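Atoms considered below: every heavy atom in the structure, side chains included; atoms not considered: hydrogens, waters and symmetry mates. Only a predicted model underlies this, so the values are computations on that prediction, with no experimental measurement involved. In what follows, chains carry the letters A, B, and so on, assigned in the order in which the sequence lines appear, proteins first and then strands, with residues in each chain numbered from 1.
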There are 2 protein chains.
Amino acid sequence: MRVSELVRRSGVPLATIKYYVREGLLMPGSPTGARQAEYDDVHVRRIRLIRALTDVVGLSLQRTRDVLALIDRPDPDLFATLGRAVAALPPYETQREDYPRARAALALLGQVYDPRYPAVGQLERALEAAEAIGIPPTPERIAVYGEHARAIAEYDLAHAPEEPANVIEYAVLGTALYEPVLAALRRLAHQDIASRRLASPPRRSAGDPDPSDDERPDPDDDERTRPGADESPGPRAR
Amino acid sequence: MRVSELVRRSGVPLATIKYYVREGLLMPGSPTGARQAEYDDVHVRRIRLIRALTDVVGLSLQRTRDVLALIDRPDPDLFATLGRAVAALPPYETQREDYPRARAALALLGQVYDPRYPAVGQLERALEAAEAIGIPPTPERIAVYGEHARAIAEYDLAHAPEEPANVIEYAVLGTALYEPVLAALRRLAHQDIASRRLASPPRRSAGDPDPSDDERPDPDDDERTRPGADESPGPRAR
DNA sequence: TTGTATTGGATAGTGTAACTATCCATAATG
DNA sequence: CATTATGGATAGTTACACTATCCAATACAA
């Protein structure tokens, strides 16, 4: 196919495609003559992948390129590759020599603590943040989160493809792309549970239609209960 | 305390603090005279919160402001507030009328499907992305992820503070700030499981300094980091 | 009291990231 | 043969998150 077709199929503007090629994220088309090149499904898929990593996972183009490079030139050492892929994921932490909170958490979970794992630094940072804002990670909470995280990870690894060539891609992309899925499911579970539990009790004003009714969340339509209804609530300057 | 003290205590440059005040993220100090103002722990904490939301959760200052506004002027309707907070979290999706993948997933999990929940759009987007790159969400996977996500969410809600004033803050910040924790734990579980399972193959030789390799985690070359044949009696064994 | 430092407030400047637009010479297509 | 599309290069744009400078008015220290 020609570029115009790639533009159509990917929904990405030509200028942007050219930009991705320039930046080394997208491979150039195979030349068919001096001034023409041919593109195919590989390009379409690659563009989709770039968009998934930037828009959904939230990576910068730079980090996206790093991840793509891991997939393009697979290192036989899956373990090291996975580590490098994880390092491309936020939050970004510069390597330290010790991560006390992460160490304690991993000890609790009976997992290996090695400060060279990028994810250890990321965990430390996340725990620090939680602590700093006043929702400290209790051992109990760590145990609960860790247990479920591990169960999910077990599932992930148990369902990796057989062919070694694909394993790396599966591991790298699966780690990155199922995080948003998990996050969204947790958010939705919060909403679901909250709607069942607190949909009625505390607040109810005069004209409210029977609030104790259902276990389903907010079937009624009024503005104030509508989740994403208003854009920016605050007293803005700007 | 004065600004200089706030700078010292928060580690954030004065220019940045001024910028945060200008942008409505940080409340001004209470004036003590025409040309002086007083700051306190509220300011210190607020700055920490801003940094946590931007650096760890990865929000823009704009989104951070939205989240802070939710906390500052709590709406008694926790459910709607939670929805708005979720809308400030990535991935950012514009409202559609239907989200087929999310609908199917939620049906599978026995949860409410309401296209007005921001997290529904986020889930759709995440599932689309996973599908587009060739690791499609099987019902089984959805079930596994959903089950664990829900268990975590149950734990979260079961441990919310009693005072209604704090509930909103807990819910909003807990949702946002424990996502990175969960993500990091999953990444670490991947590493841990992978290291146990495929730790052996084409590994380097003993005294090899391997310079290309310095940041790469390799728990295998050091017995201190190696739980090996399960001498650690953690809750890990399932 | 005097002089230096600090403050709040305003405004302008910087650097990066991710595009977007324009130009051009050729090459394919109708 | 005229039109349109293409690849390649280069320049411009927008948004964001700061960062720096300036200034007049204190605050406070000597």
Write down the distance between CG (B/Leu59) and P (D/dC16), rounded to a whole number of angstrom.
14 Å

If you compare every side-chain N and O of A/Thr16 against the phosphate oxygens of C/dT20 (OP1, OP2), does one of them come in below 4.0 Å?
yes

Counting only N and O atoms by type, is there a donor-acceptor contact under 3.5 Å from the side chain of B/Arg48 to the main-chain atoms of A/Ile133?
no

Got a salt bridge between B/Arg45 and B/Asp41, using NZ or NE/NH1/NH2 to carboxylate O under 4.0 Å?
no

Between A/Glu5 and A/Arg2, does any side-chain N to carboxylate O distance fall below 4.0 Å?
no

If the threshold is 4.0 Å, N to carboxylate O, is there a salt bridge linking A/Arg84 and A/Asp66?
no

Can you tell me how far P of C/dC19 sits from CG of A/Asp55, to the nearest Å?
8 Å

Using a 3.5 Å distance criterion without hydrogens, assess whether the side chain of A/His43 forms a donor-acceptor pair with backbone atoms of A/Asp40.
yes

What pairs of nitrogen or oxygen atoms, one from the protein and one from nucleotides 7-11 of chain C, lie under 3.5 Å apart?
{"from": "C/dT7", "atom 1": "OP1", "to": "B/Ser4", "atom 2": "N", "distance (Å)": "3.4"}
{"from": "C/dT7", "atom 1": "OP1", "to": "B/Ser4", "atom 2": "OG", "distance (Å)": "3.0"}
{"from": "C/dG8", "atom 1": "OP1", "to": "B/Ala37", "atom 2": "N", "distance (Å)": "3.1"}
{"from": "C/dG8", "atom 1": "OP1", "to": "B/Tyr39", "atom 2": "OH", "distance (Å)": "3.2"}
{"from": "C/dG8", "atom 1": "OP2", "to": "B/Tyr39", "atom 2": "OH", "distance (Å)": "3.4"}
{"from": "C/dG8", "atom 1": "N7", "to": "B/Lys18", "atom 2": "NZ", "distance (Å)": "3.4"}
{"from": "C/dG9", "atom 1": "N7", "to": "B/Lys18", "atom 2": "NZ", "distance (Å)": "3.3"}
{"from": "C/dG9", "atom 1": "O6", "to": "B/Lys18", "atom 2": "NZ", "distance (Å)": "3.1"}

Test item: B/Tyr145 side-chain N/O and B/Pro137 main-chain N/O as donor-acceptor pair under 3.5 Å
no

Nucleotide D/dA15, atom P - distance to CG of A/Leu61 in whole Å:
18 Å

Distance check needed: D/dA5 P versus A/Arg8 CZ, whole Å only.
14 Å

Within the 4.0 Å heavy-atom criterion, would you say B/Thr64 contacts the bases, only the backbone, or no part of the nucleic acid?
nothing

Strictly below 4.0 Å: does A/Tyr20 bring a side-chain N or O up to OP1 or OP2 of C/dA18?
no

Separation of D/dC16 atom C1' from B/Leu25 atom CG, nearest Å, is 13 Å

Starting at CD1 of A/Ile17 and ending at C1' of D/dG8, how long is that distance when rounded to a whole Å?
15 Å

Which part of the nucleic acid, if any, lies within contact of A/Ser60, taking any heavy atom under 4.0 Å across all strands shown: a base, the sugar-phosphate backbone alone, or nothing?
sugar-phosphate

Considering all heavy atoms of both residues, which atom of B/Ala189 and which atom of A/Arg150 are nearest to each other, and what is their separation?
CB-CA, 3.8 Å

Would you mind reading off the distance between B/Leu26 atom CG and D/dC18 atom P, rounded to a whole angstrom?
13 Å

How close or far is atom P of D/dT21 from atom OH of B/Tyr19, stated in whole angstroms?
19 Å

